[in-house]
Amino acid sequence: MRYSKLFSPTLRDTPADAEVVSHQLLLRAGFIRRVTSGIYDYLPLGLRVLRNVERIVREEMNRAGGQELLMPMVQPSEFWQKSGRWEKYGPELLRFKDRHGHESCLGPTHEEVICDLMSRELRSYKQLPMNLYQVQNKFRDEIRPRFGLMRGREFVMKDAYSFHANDECLAAEYQNMFETYHRIFHRLGLKFRAVEADNGSIGGSASHEFHVLADSGEDLITHCSHCEYAANVEKAVSKPQTYQGSDSSLTEVDTPYQTAVEDVAALLKVATSSLLKTLIFHVDGGENDGQVVAACVRGSDQLQDIKLARALGATEVVLASAEEIASIGTITGFSGPMDLNCPVYIDASLHDAVGLIAGANKKGLHVSGLNIQRDLNNVIFADLRQTQAGDTCVKCNIGLMEMSRGIEVGHIFELGTTYSKPMDVLFQDEHGKRAVATMGCYGIGVSRLMAAVVEQCHDDAGITWPVNIAPFQASVITLGKSETAFAASEKVYQDLLQAGVDVVWDDRKESPGVKFKDAELIGIPLRIIVGDRGLDNDALELKTRWGAVEEASLADVCQKAQHMLADMQQG
RNA sequence: CGGGGCGUAGCGCAGCCUGGUAGCGCAUCUGGUUUGGGACCAGAGGGUCAGGUGUUCGAAUCACCUCGCCCCGACCA
């Protein structure tokens with residue numbers, strides 16, 4: 001490719017509304033342009049990177065025994081009604097009617113479609129196991145699209161679905177995918193971590209998320225300093241530090257204006273860990289749908305609402321309204337667990353706690369000396385607190401928990417029969433009986449991965465793509481305007497093309513600074529500089545994006561470049 | 001959905017408070033000079049000032065409404 005013909009609109013200034021580096025650099029380097037909220041054009045350079053990421057994903061999926069297919073983006077509502085998700089999915093599912101009034105939606109995921117396909121085609125256990133995948137655009141109408149490709153509404157995803165005759169076979173495929181994902185993210189040169197995850201609304205049993213470690217990540221993950229235990233904070237369990245409260249009698253204390261934990265603690269001159277924090281929630285979904293419940297954790301802990309939702313069998317819990325809070329006999333700012341007209345859930349670590357300070361359910365009053373066992377009855381204990389840095393690991397009992405931010409780029413699930421059963425994915429087993437296929441599903445956010453790579457691979461000058469996904473591996477940069485430099489450049493360019501190197505030739509009539517800056521911004525791993533100075537000494541300069549410089553004669557430069565690229569692939 | 005901020009040329013911004021018919025840098029185009037780190041000179045093109053309604057002799061500027069975008073919140077009662 002000649003740079004003079006390349007559609008690569010780079011920007012000198014950072015667009016004001018791009019906040020994270022990946023968004024800024026992908027815009028500045030001319031990889032993407034915004035069309036509307038959460039929806040982007042992939043310009044030629046961006047598409048090249050996207051295709052390279054896809055290529056690696058495909059190679060590894062194929063190697064692992066997957067078969068690629070392609071399903072539609074538009075899906076009929078009937079499928080979703082059959083699986084039960086038409087009601088459950090919520091506003092992220094973009095629904096619409098066609099000209100005949102037929103209800104449809106844009107696919108945010110494809111369990112329904114693949115199950116429909118399999119229900120019609122699967123007959124015998126001899127066809128199993130099977131792993132089918134696609135690389136396709138998904139649409140999710142996110143509440144808050146942000147950070148460019150990181151959280152878009154339309155995005156590219158690799159989604160795979162496996163079908164099995166029994167759970168042992170599913171477990172084996174889950175392990176196979178677990179390893180495949182490790183290979184994929186290794187090949188992309190990423191620092192990442194697989195963590196145990198909550199299954200969320202998708203259902204099923206085992207589940208791992210794959211997180212690229214980055215401070216801009218939207219997820220909090222935690223891992224043990226000693227053993228392999230790592231989990232999303234939505235699910236992580238750990239042992240908190242022990243707190244010794246002193247047993248004393250229940251007393252009311254005046255806290256006229258203090259509602260927040262910190263303020264009450266400051267007023268009474270105690271640590272926040274001496275307080276019991278009571279939050280009132282409204283339950284959505286499940287058998288407790290519509291109920292109001294109270295949930296208590298230690299003042300120094302955070303309530304993990306996903307855990308509460310799980311304990312309640314709910315899809316979601318949301319903070320209760322002022323009316324709901326009043327209806328159970330308490331008041332905002334002074335809530336406590338005593339004498340509430342609703343179920344009370346208490347974090348399991350507080351089972352034997354004594355000497356706590358809690359809201360008195362009256363304005364301006366708290367109580368001190370609260371003893372959980374003595375003063376409360378009919379409460380339900382459950383793991384509700386969020387793991388904190390410094391907690392003890394429950395797996396090895398030695399290490400301490402550490403926290404990191406992560407970008408979720410992959411997620412694998414053992415779904416079981418959550419979808420295959422309602423969607424009638426049946427087959428005849430070896431005994432001639434009808435059985436429900438058991439299922440796994442495995443996703444990778446391909447476009448998000450592209451952003452995640454930039455988050456890890458950049459410097460002040462721009463993007464530093466790993467060689468195997470860079471938009472071009474090498475750039476031949478012509479300096480000056482002499483006939484000899486131009487002719488020599490063209491020869492080097494042609495030789496590299498012949499050798500199969502993905503190369504761009506910067507033949508523009510631009511000053512050297514502009515060419516260097518663009519090559520760095522775009523992140524081309526190897527630059528071959530062809531100017532009169534180098535030609536006069538027959539010593540052309542080869543410069544990597546990471547600053548290493550070597551020289552080669554015009555005759556050797558092509559081979560030298562290939563060697564350097566090969567070295568970079570290894571590193 | 002709640003709070004805050006913003007919307008003026010492709011990008012970054014000034015002008016608004018105190019109304020008088022739109023400007024700067026970069027980018028773009030033409031001509032010339034320049035070519036080992038975002039060159040220089042001269043000239044040029046490009047704007048429904050987000051949209052609507054109103055106030056006014058006159059609105060980018062003031063008021064009201066709508067739309068769009070960004071940030072924060074929607075767990076510490």
Side-chain angles (χ1 to χ4, degrees), chain A residues 9-20 23-24 27-28 30 33-39 91 143-148 220 233-234 255 258-265 272-273 275-282 292 294-309 316-322 324-326 328 330-337 340 358-363 366 384-386 461-462 477-482 485-486 506 508-521 527 529-537 539-541 543 549:
Chain A
T10 56
L11 265 27
R12 272 195 201 195
D13 298 312
T14 302
D17 51 9
E19 208 203 350
V20 298
H23 190 196
Q24 294 173 348
L27 284 170
R28 276 192 61 206
R33 286 292 183 264
R34 195 186 76 102
V35 175
T36 183
S37 179
I39 298 179
I143 319 177
R144 199 176 156 197
R146 57 181 151 181
F147 302 156
L220 241 196
V233 93
E234 292 172 354
T255 50
Q258 289 71 20
T259 59
V261 165
E262 288 74 19
D263 298 340
V264 175
T272 54
S273 56
L275 270 70
L276 180 76
K277 171 158 73 177
T278 306
L279 283 65
I280 316 296
F281 287 96
H282 172 101
V292 176
C296 303
V297 294
R298 200 177 279 281
S300 51
D301 277 336
Q302 308 226 333
L303 182 95
Q304 176 53 57
D305 54 357
I306 306 264
K307 288 184 176 180
L308 178 62
E316 181 179 40
V317 290
V318 289
L319 282 180
S321 65
E324 288 171 322
I325 292 172
I328 58 159
T330 186
I331 176 170
T332 303
F334 305 96
S335 297
L340 288 179
N361 298 322
K362 292 176 210 158
K363 191 167 170 53
H366 277 69
L384 300 178
R385 69 182 286 277
Q386 181 168 305
I477 296 180
T478 306
L479 296 184
K481 54 176 184 179
S482 78
F486 197 80
D506 196 342
R508 292 176 299 170
K509 294 177 177 36
E510 289 286 355
S511 69
V514 171
K515 294 185 178 183
F516 289 134
K517 291 285 185 195
D518 275 340
E520 282 159 2
L521 178 60
R527 280 160 289 168
I529 297 145
V530 184
D532 289 332
R533 198 174 83 188
L535 288 168
D536 289 346
N537 307 320
L540 299 178
E541 200 174 290
K543 224 172 165 176
V549 184

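In what follows, every chain begins at residue 1, and chains take the letters A, B, ... in the order their sequences are listed. Everything quoted here is computed from the prediction, not taken from an experiment.
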Round to a whole Å and report the spacing from [atom1] of [X] to [atom2] of [N].
X        : N     : atom1 : atom2 : result
A:His23  : B:C71 : NE2   : P     : 9 Å
A:Leu319 : B:A77 : CG    : P     : 11 Å
A:Arg33  : B:A27 : CZ    : C1'   : 12 Å
A:Ile143 : B:G3  : CD1   : P     : 17 Å
A:Ile331 : B:A77 : CD1   : C1'   : 10 Å
A:Leu308 : B:A77 : CG    : P     : 17 Å
A:Arg144 : B:C70 : CZ    : P     : 9 Å

Using the [atom1] atom as the reference point in each nucleotide, state the distance between [N] and [M] in Å, no decimals.
N     : M     : atom1 : answer
B:G38 : B:C6  : P     : 36 Å
B:G46 : B:A22 : P     : 14 Å
B:U21 : B:G2  : P     : 40 Å
B:U34 : B:A42 : C1'   : 15 Å
B:G43 : B:G4  : C1'   : 46 Å
B:A74 : B:C29 : P     : 49 Å
B:U53 : B:C69 : P     : 23 Å
B:G52 : B:A60 : P     : 12 Å

Of all residues at least two apart in sequence or in a different chain, which pass the side chain to side chain donor-acceptor pair (under 3.5 Å) check with [X]?
X        : answer
A:Thr278 : none
A:Arg508 : A:Asp506, A:Asp518
A:Arg298 : none
A:Ser482 : A:Thr484, A:Asp532

**Request:** With rounding to the nearest 0.5 Å, note down the distance linking CG in A:Asp305 to CD in A:Gln386.
**Result:**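 A:Asp305 CG to A:Gln386 CD: 9.0 Å, rounded to 0.5 Å.
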**Item:** Inter-residue atom distance A:Arg12.CZ - A:Leu521.CG, 0.5 Å rounding
**Value:**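 One gets 11.5 Å once the value is rounded to the nearest 0.5 Å.
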**Nearest-nucleotide comparison on RNA chain B, the residue closer to the 5′ end among A:Thr332 and A:Thr36** =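 Result: A:Thr36.
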Does [N] have a Watson-Crick or wobble partner in any strand here, with both distances under 3.5 angstrom, and which is it?
N     : result
B:G7  : B:C67
B:C1  : B:G73
B:C13 : B:G23
B:A59 : none
B:C40 : B:G32
B:G46 : none

Produce the list of close N/O pairs, under 3.5 Å, pairing protein atoms with atoms of nucleotides 33-39 of chain B; give distances to one decimal.
residue	atom	partner	partner atom	Å
B:U35	O2'	A:Gly480	N	3.0
B:U35	O2	A:Glu510	O	3.3
B:G36	O2'	A:Arg533	NH1	3.1
B:G36	O6	A:Gly534	N	3.2
B:G36	N2	A:Glu541	OE1	2.7
B:G36	N2	A:Glu541	OE2	2.9
B:G37	O4'	A:Gly513	N	3.3
B:G37	O6	A:Lys543	NZ	2.5
B:G37	N1	A:Glu520	OE2	2.7
B:G37	N2	A:Glu520	OE1	2.4
B:G37	N2	A:Glu520	OE2	3.1
B:G38	O2'	A:Arg12	NH1	2.7
B:G38	O2'	A:Arg12	NH2	3.0
B:G38	O6	A:Arg28	NH2	3.3
B:G38	N2	A:Asp518	OD1	3.4
B:A39	OP2	A:Ser511	OG	2.9

Base, sugar-phosphate alone, or nothing: which one does [X] contact when heavy atoms must sit under 4.0 Å apart?
X        : result
A:Arg34  : sugar-phosphate
A:Phe281 : nothing
A:Ile325 : base
A:Ala18  : nothing
A:Thr272 : nothing
A:Glu19  : sugar-phosphate

**Item:** Smallest separation among heavy atoms of A:Leu535 and A:Ala485, with atom names
**Value:**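 Residues A:Leu535 and A:Ala485, closest heavy atoms: CD1-CA, 3.6 Å.
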**Closest non-hydrogen atom pair, A:Leu384 against A:Cys296** =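 So the two residues come closest at CD1-O, 4.1 Å.
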**Request:** Could I get the full list of side-chain contact (heavy atoms from CB on, under 4.5 Å) partners for A:Thr14, not counting sequence neighbours?
**Result:**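 side-chain contact (heavy atoms from CB on, under 4.5 Å) list for A:Thr14, sorted by chain: A:Gln24, A:Arg28.
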**Request:** Could you list the residues that satisfy side-chain contact (heavy atoms from CB on, under 4.5 Å) with A:Leu479, not counting sequence neighbours?
**Result:**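 So A:Leu479 forms a side-chain contact (heavy atoms from CB on, under 4.5 Å) with A:Ile477, A:Pro512, A:Phe516, A:Ile529.
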I'd like a table of atom pairs between the protein and nucleotides 12-16 of chain B - only N or O on both sides, under 3.5 Å - with the distance next to each one.
residue	atom	partner	partner atom	Å
B:G12	OP1	A:Ala16	N	2.7

**Item:** pair A:Val318-A:Phe281: side-chain heavy atoms closer than 4.5 Å
**Value:**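 The answer is no, as the side chains (C-beta and beyond) never meet within the 4.5 Å cut-off.
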**Prompt:** Taking only residues two or more places apart in sequence or in another chain, which ones pass salt bridge (charged side-chain N to carboxylate O under 4.0 Å, His left out) with A:Lys363?
**Reply:**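 Partners of A:Lys363 by the salt bridge (charged side-chain N to carboxylate O under 4.0 Å, His left out) criterion come out as none, since no residue qualifies.
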**Message:** Is the phosphate of B:C69 approached by A:Ser37 (side-chain N or O, under 4.0 Å from OP1 or OP2)?
**Reply:**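 Answer yes for this pair, as a side-chain N or O of A:Ser37 is under 4.0 Å from OP1 or OP2.
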